[in-house]
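Notes for the one structure printed next.
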Amino acid sequence: MRRRAEFTIGSRLQASPAAVWERAMSAEGINAELGPWMRMTVPRGLDSLDLHSLQPGPLGRSWILLFGLVPFDYDAIGLERIEPGRGFLERSTMLSQRLWEHERTIEADGEGATLVDRLAWEPRAPLPGALLRPLIAATFRHRHRQLRRHFGGAPLPG
């Protein structure tokens with residue numbers, strides 16, 4: 001049984017890479033992407049999830065709240081790599097996932113920017129990771145729709 005699974009999604013946004021980085025990498029921006037279905041808390045001891053001031057390593061536990069109120073999972077956030085203005089690689093564990101990887105890249109694309117999210121996960125439960133693909137794909141399609149709604153743009157083919 002293959003437990004690890006992956007999903008990739010991208011959008012071409014009508015904004016500079018710097019503007020996309022500012023919005024998409026802040027707690028406010030992350031929660032705007034997730035809303036109204038979900039919200040993430042800022043780990044205890046951090047003033048914000050502002051990646052300008054963060055260093056690679058463990059950041060702490062961020063609760064994931066259904067409808068912004070009901071805790072249903074947590075992300076013990078660990079940042080492997082941060083490239084200001086270009087992206088990050090998060091490698092974490094969650095209550096539901098033995099492994100959660102979220103790599104976000106932002107690249108200049110003409111007068112706009114391309115944002116790509118690559119996700120990989122391995123459930124804690126003895127299930128194939130592919131069973132969660134529809135839920136994770138729907139969550140990140142929603143996030144990209146929110147980004148395109150904010151900045152303008154279009155989905156990348158594929």
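Put simply, Trp63 and Ile77 are part of two different groups of oily side chains (I, L, V, M, F, W, Y) that touch within less than 4.5 Å, one to the next. A continuous path of hydrophobic side-chain contacts links Ile30 to Leu119 [ILVMFWY only; heavy atoms under 4.5 Å].
One finds the CE atom of Met94 at 5.0 Å from the CG atom of Asp75 (value rounded to the nearest 0.5 Å). Atoms CZ and CD1, from Phe88 and Ile82 in turn, are 9.0 Å apart once rounded to the nearest 0.5 Å.
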Output a table of donor-acceptor pairs, distance under 3.5 Å, between side-chain atoms of residues 105-115 and any protein atom two or more places apart or on a different chain; print 'none' if there are none.
{"unit_1": "Asp109", "atom_1": "OD2", "unit_2": "Arg12", "atom_2": "NE", "d": "2.9"}
{"unit_1": "Asp109", "atom_1": "OD2", "unit_2": "Thr114", "atom_2": "OG1", "d": "2.8"}

Using a 3.5 Å cut-off and no angle test, enumerate the donor-acceptor pairs between side-chain atoms of residues 148-155 and protein atoms at least two apart in sequence or in another chain.
{"unit_1": "Arg148", "atom_1": "NH1", "unit_2": "Ser11", "atom_2": "OG", "d": "2.8"}
{"unit_1": "Arg149", "atom_1": "NH1", "unit_2": "Gln146", "atom_2": "OE1", "d": "2.1"}

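Arg91 has a carboxylate O that lies under 4.0 Å from a charged side-chain N of Glu80, or vice versa, which qualifies the two as a salt bridge.
At least one cation-pi condition fails for Arg133 and Phe7: the charged atom is not both under 6.0 angstrom from the six-membered ring centre and inside a 45 degree cone around its axis.
Annotation for Glu6 and Ala120: closest pair CG-CB, 3.7 Å, computed over non-hydrogen atoms.
In terms of modelled atom types and a separation under 3.5 Å, the side chain of Ser62 and the main chain of Val42 share no donor-acceptor contact.
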Just do the side-chain hydrogen bond (donor to acceptor under 3.5 Å, both in side chains) check on Ser26 and Glu28 with the steps written out, would you?
-> CA-CA 5 Å; Ser26 67; Glu28 177 186 341; 5.3 Å; no

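Among the candidates Val116, Ile136, Asp117, the single residue satisfying the side-chain contact (heavy atoms from CB on, under 4.5 Å) test with Ile9 is Asp117.
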